[in-house]
There are 2 protein chains.
Amino acid sequence: MESPHLLPLVGEPPRERADAVRNREALLLATSELIDASCVENVTMDAVAQRAGVGKGTVFRRFGSREGLMTAVLDHSEAQWQAAVIGGPPPLGPGAPPLDRLLAFGRSRARATVHHTALIRAAGHAGTRSYAAMSFVAMHVRYLLAELGVEGDLGYLATALLAPLEAVVLEQQLTHDGLDWDRIDAGWADLVARITR
Amino acid sequence: MESPHLLPLVGEPPRERADAVRNREALLLATSELIDASCVENVTMDAVAQRAGVGKGTVFRRFGSREGLMTAVLDHSEAQWQAAVIGGPPPLGPGAPPLDRLLAFGRSRARATVHHTALIRAAGHAGTRSYAAMSFVAMHVRYLLAELGVEGDLGYLATALLAPLEAVVLEQQLTHDGLDWDRIDAGWADLVARITR
DNA sequence: GGGTTAAACGGACCACAGTCCGCTTATATT
DNA sequence: AATATAAGCGGACTGTGGTCCGTTTAACCC
């Protein structure tokens, strides 16, 4: 029985070489391990290459830059979180009323963002997460707003609701504005209430 | 007639040396000129030092890091903008009704932020502006919300209104979400309307 | 299996941010 | 004016991100 991945699909002509796949996975693993062993800031590209047993050039070939590598690591965590939104238990996952889902989304998203602040910063894009991740959350919020019967420019309103959940903003609130999690949760819920009113 | 700065004030014992002052100004000027001549990304610390006619160590002594230098340059522009808010002509400056002032504030702030995106990014702090600058705008928005009779956690609501005006968010909206300035202005105004309702 | 080719590899090399420490000089004191 | 002192200065040095190009090798075809 053949592995299903050996079946070439039309429209995807350039298959990735086996050693390339192996190296990419080894590099992602090495990076995660080094981050866990110390912190993101202390992880150098040379160290990642050495730990993965490849040359430095290979790291840059695969991920383009340090930011690209960190983005790849971040996307991995992000995928797990997205799975909880798409198919996890309510109220974050499907099954709960839209308003409950939206509030659970905000709480969960803010926690996850702060938890990954250092990685998000290292991933660059001026502090945002990858565009794929952003469009997923924007789509989700927009969908929930529509479910709630909100009128207006839902595209803008979704990004406006997401903006206070950005790492930059949360960090400022927690570190310099003296806000605690209770006020942040309550404040965001109030924002939702005013927008959906 | 003596220069007023020659009068030493009690409580500020360590006067800054004259050559230090001169060098700081020369460095800020050199940095601005180099930014104008090319772009922020291409300005190296060596080039700044050379143009200012000082050693590289001096640049780091005065500004601590590249981010510190860029922050200093940014703060200079920011101060001019703040002056327009505090004492410029209405509706941005004082004299107009609070709602008009708030809407003018949002428009102006968003334009200024996008205009300085590259510098803001180079100034770091994970993409935010300096804390002094942030607390000024937060204070101002909070004050206008109070004038408008808004109830609730004004501290949080102010940061929530400011969040969609962050460089990271605006860049995402303009570059990837396909929003134009008309939608951004209208969307933010709608957000204000829903919050102040 | 042997040959062909294009992708992948690796490590020497470069540029730039940031540090260090011996030298210089502005300022205060007498 | 001479001296003392501490702040300021500068450029050689280090560490890390990123590039380049000659070499290796996986994948495909016969």
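So that the names make sense, note that chain A is the first sequence line, chain B the second, and so on, each numbered from 1.
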Intermediate values then yes/no, side chain to side chain contact (heavy atoms under 4.5 Å, CB included), A/H76 and A/L28: CA-CA 9 Å; A/H76 198 258; A/L28 284 174; 5.8 Å; no
Spacing of [X] atom [atom1] relative to [N] atom [atom2], expressed in whole Å:
{"X": "B/F60", "N": "D/dC9", "atom1": "CZ", "atom2": "P", "result": "15 Å"}
{"X": "A/R66", "N": "D/dG15", "atom1": "CZ", "atom2": "P", "result": "17 Å"}
{"X": "A/M70", "N": "D/dT16", "atom1": "CE", "atom2": "P", "result": "13 Å"}
{"X": "B/L69", "N": "C/dA17", "atom1": "CG", "atom2": "C1'", "result": "12 Å"}
{"X": "A/L27", "N": "C/dC9", "atom1": "CG", "atom2": "C1'", "result": "12 Å"}
{"X": "A/D46", "N": "D/dT14", "atom1": "CG", "atom2": "P", "result": "17 Å"}
{"X": "A/Q50", "N": "C/dG10", "atom1": "CD", "atom2": "P", "result": "13 Å"}
{"X": "A/N42", "N": "D/dG17", "atom1": "CG", "atom2": "P", "result": "11 Å"}

So if I take every side-chain heavy atom of [X] and compare against [options], which nucleotide ends up nearest?
{"X": "A/R62", "options": "C/dC9, C/dG18, C/dG11", "answer": "C/dC9"}
{"X": "B/R61", "options": "C/dC16, C/dA8, D/dC9", "answer": "D/dC9"}
{"X": "A/V54", "options": "C/dC16, D/dG17, C/dG10", "answer": "C/dG10"}

Any A/T58 side-chain N or O less than 4.0 Å from OP1/OP2 of C/dA8: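 Answer no for this pair, as no side-chain N or O of A/T58 is under 4.0 Å from OP1 or OP2.
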Any A/N23 side-chain nitrogen or oxygen under 4.0 Å from OP1 or OP2 of C/dA8: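 Negative; the distance criterion is not met.
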B/R22 vs B/M45, nearer the 5' end of DNA chain C by closest nucleotide: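 Between the two, 5'-proximity favours B/M45.
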First encountered from the 5' end of DNA chain C, between A/V21 and B/E41: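 Of the two residues, A/V21 wins.
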From OG (A/S65) to CE (A/M70), nearest 0.5 Å: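 Between atom OG of A/S65 and atom CE of A/M70 there are 10.0 Å.
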Aromatic centroids of A/W181 and B/Y156 separated by under 6.0 Å: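 Judged by ring-centre distance (under 6.0 Å), B/Y156 and A/W181 do not meet the cut-off.
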Candidate pair A/I184 and A/L174, rule side chain to side chain contact (heavy atoms under 4.5 Å, CB included), full reasoning: CA-CA 9 Å; A/I184 290 174; A/L174 288 167; 3.6 Å; yes
Side-chain heavy atoms of A/F63 within contact of A/V48, under 4.5 Å: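 No; the side chains remain at least 4.5 Å from each other.
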Nearest-nucleotide comparison on DNA chain D, the residue closer to the 5′ end among A/G57 and B/G55: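 The answer here is B/G55.
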